[in-house]
**Student:** 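Structure incoming, see below.
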Amino acid sequence: MRITATEAKNRFGYYLGQAEREPVHVMKNDRVAVVLVSAARFAELEAFEKQKSMAQRKREFNEEYKDWIAAQHELVETHGVFGENLRPW
């Protein structure tokens with residue numbers, strides 16, 4: 001649904017209800033200025049953004065430290081994990 005900013009101002013309560021059902025695009029100067037969405041949809045978008053950024057950070061970390069990670073894996077393969085036979089009791 002697309003509405004003008006003036007419509008949004010004049011009938012804000014109505015469009016809040018509409019936003020629960022579908023996104024409401026508010027136009028100003030012939031462009032979409034804002035989009036009203038439900039709180040549930042906004043939470044979904046935030047969760048997706050956090051996951052995406054975590055995945056991106058993981059890829060960047062693995063790329064930057066790939067040589068160090070490979071060396072650590074090689075050490076574990078060669079010598080095993082330090083203290084794996086130790087028991088705290």
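What's counted below: heavy atoms across the whole structure, side chains too, no hydrogens, waters or symmetry copies. What you see is a predicted model, and the numbers here were worked out from it, not measured in a lab.
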**Student:** Side-chain atoms of residues 24-34: list all donor-acceptor pairs with protein atoms under 3.5 Å, sequence neighbours left out, distances to 0.1 Å.
**Tutor:**
| residue | atom | partner | partner atom | Å |
| --- | --- | --- | --- | --- |
| His25 | ND1 | Met1 | O | 3.4 |

**Student:** Strictly below 4.0 Å, N to O, side chains only: are Glu44 and Arg41 in salt-bridge contact?
**Tutor:** yes
**Student:** State yes or no: do Val35 and Phe42 share one hydrophobic cluster built from I, L, V, M, F, W and Y residues joined by side-chain heavy-atom distances below 4.5 Å, directly or via other members?
**Tutor:** yes
**Student:** Please determine whether the number of non-hydrogen atoms from other residues, nucleotides or ligands lying under 6.0 Å from atom CD of Glu74 exceeds 12.
**Tutor:**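 Atom CD in Glu74 is not packed in, count stays at 12 or less.
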**Student:** From Lys58 NZ over to Gln56 CD, what is the distance, rounded to the nearest 0.5 angstrom?
**Tutor:**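 Lys58 atom NZ to Gln56 atom CD measures 13.0 Å (nearest 0.5 Å).
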**Student:** Testing Arg21, Glu20, Glu22 for side-chain contact (heavy atoms from CB on, under 4.5 Å) with Ser38, which one passes?
**Tutor:** Glu20
**Student:** Is there a chain of hydrophobic side chains (I, L, V, M, F, W, Y, each step under 4.5 Å between heavy atoms) that links Leu16 to Val37?
**Tutor:**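 As far as the 4.5 Å side-chain criterion goes, Val37 and Leu16 are not connected within one cluster.
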**Student:** Side-chain contact test, heavy atoms from C-beta onward, threshold under 4.5 Å: evaluate it for Gln72 versus Ile69 and give yes or no.
**Tutor:** no
**Student:** Before you tell me yes or no, could you show the steps for Gln51 and Met54 under side chain to side chain contact (heavy atoms under 4.5 Å, CB included), namely the whole-Å CA-CA distance, both residues' side-chain angles and the distance that decides it to 0.1 Å?
**Tutor:** CA-CA 5 Å; Gln51 289 175 351; Met54 179 58 87; 5.8 Å; no
**Student:** Can you name the residues that form a salt bridge (Lys or Arg N to Asp or Glu O under 4.0 Å) with Glu63, not counting sequence neighbours?
**Tutor:** Lys66
